Structures are given as C-alpha cells and as structure tokens.
Amino acid sequence: MVQSWFECKVTYERAGEKGLNTKVNEVYLVQGFTFTEIEKHLTKELQPQVTGEFNINKIERTKYNELVDSNSETADKWFKCKISIITVDEVSAKEKKTSVVILVKADDVSGAVKNLTKHMEDSVMDYDLVSVNESAIVDIFHYEG
C-alpha cells in the first residue's frame, strides 16, 4: 500500500494575544494511508496548541508528485507549482505533455520559482512552468509509522 497526502481543513481555538482564545481555520498536509490514521496523526500534532474546541472539517486525498523544502529559515509559505513534463514519442515523434504538481516552500512567488528551478536543474526531462499559486497549507506532517 502506498502512502498518500491528505489536505485537512481544521477549526480550533488556541491561546491568542493577551491570553484570549482565538478561533482559527487552517489547512494542513498530512501523509498516511487511511482517513482514520490521518485524523489520529493530525489530532496528536495539534493537541498542544488547542485550548478549546477542535474540529476536523474536511480530509481530502491530494496528489502532489513531490515536496521541495526550502533552505531558508524565513520561508513559511507553500506554493503549488504546476509543470508540464515534455516527452517525445519515439515512434510517432509527437510531443506529449504530462502535468505534475510540486509543492514548494518559499518566502514568495519568486522564491518558489527559484527553489523549483534549483530542484529541477538535475532533471534530464524538459518541462514548462505552467503556474505558481500560494497554497493555504500552514504545515506538513510526514508519516509516522
């Protein structure tokens, strides 16, 4: 069985400024096998910061082909970068494009493009950058087996 990535939307209360509880809506990316496992892992990770009500509103399987972390300590955003991998059919000599989504951590859009370009520089495949969009993902929790 192959691990998958799940985008999880949660609502919870946490201590805010001046000790007042603040209700937040956040999106997390969690790696695992089953929805039950994802819910358990997410609850465990977020429990230390929850001060009141905690709800997992949505768990949705997503398809990210790769994750590219940043070496920058200030990078705090995740960007969905869509690229088209270009291959040529040897028999028909026709060009074929395959869409791939790579999640890239960076400070801003230009940093995401820079990190993606650096990540792809060792690739032997030709590709076109189709789009770069900031995601709502706050943090990523890898599989704990």
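Computed over heavy atoms, backbone and side chain alike; hydrogens, waters and symmetry mates excluded. Computed from a prediction, not measured in an experiment: that's the story for all the values here. The first residue of the sequence shown is numbered 1, and numbering continues consecutively from there.
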Got I38 and C8 here, is their nearest side-chain heavy-atom distance under 4.5 Å?
yes
Count the heavy atoms belonging to other residues, nucleotides or ligands that lie under 6.0 Å from CD of E90, then report whether that count exceeds 12.
no
Tell me, please, which residues at least two apart from K44 pass salt bridge (Lys or Arg N to Asp or Glu O under 4.0 Å).
E144
Can you tell me how far apart CZ (F79) and CG (D107) are? Round to the nearest 0.5 Å.
8.0 Å
Only counting residues at least two apart or in another chain, list the ones meeting salt bridge (Lys or Arg N to Asp or Glu O under 4.0 Å) with D128.
K97
Are T43 and I56 packed together at the side-chain level, in the sense that at least one heavy-atom pair is separated by less than 4.5 angstrom?
yes
Student check: side-chain heavy atoms of N25 and K9 closer than 4.5 Å
no
Any donor and acceptor pair, going by atom type alone, linking the side chain of N65 with main-chain N or O of V101 inside 3.5 Å?
yes
E66: partners by side-chain hydrogen bond (donor to acceptor under 3.5 Å, both in side chains), with sequence neighbours left out
H119
Are side-chain heavy atoms of K105 and I140 found at a separation under 4.5 Å?
no
To the closest 0.5 Å, what do you measure between CD (Q31) and OG1 (T62)?
10.5 Å
For F6, ring pair (Phe, Tyr, Trp, His ring centres under 6.0 Å) partners two or more places apart
F35
Residue list, salt bridge (Lys or Arg N to Asp or Glu O under 4.0 Å) with E7, at least two apart or on another chain:
K80
Minimum-distance pair of heavy atoms, taken over all atoms of Y64 and L103
CE2-CD1, 3.9 Å
Just jot down the salt bridge (Lys or Arg N to Asp or Glu O under 4.0 Å) partners of E26, sequence neighbours excluded, or say none.
R14
Measuring only between side-chain heavy atoms, which start at C-beta, is L67 closer than 4.5 Å to D69?
no
Do the rings of H142 and W5 sit parallel, tilted or perpendicular, given the 30° and 60° boundaries?
perpendicular
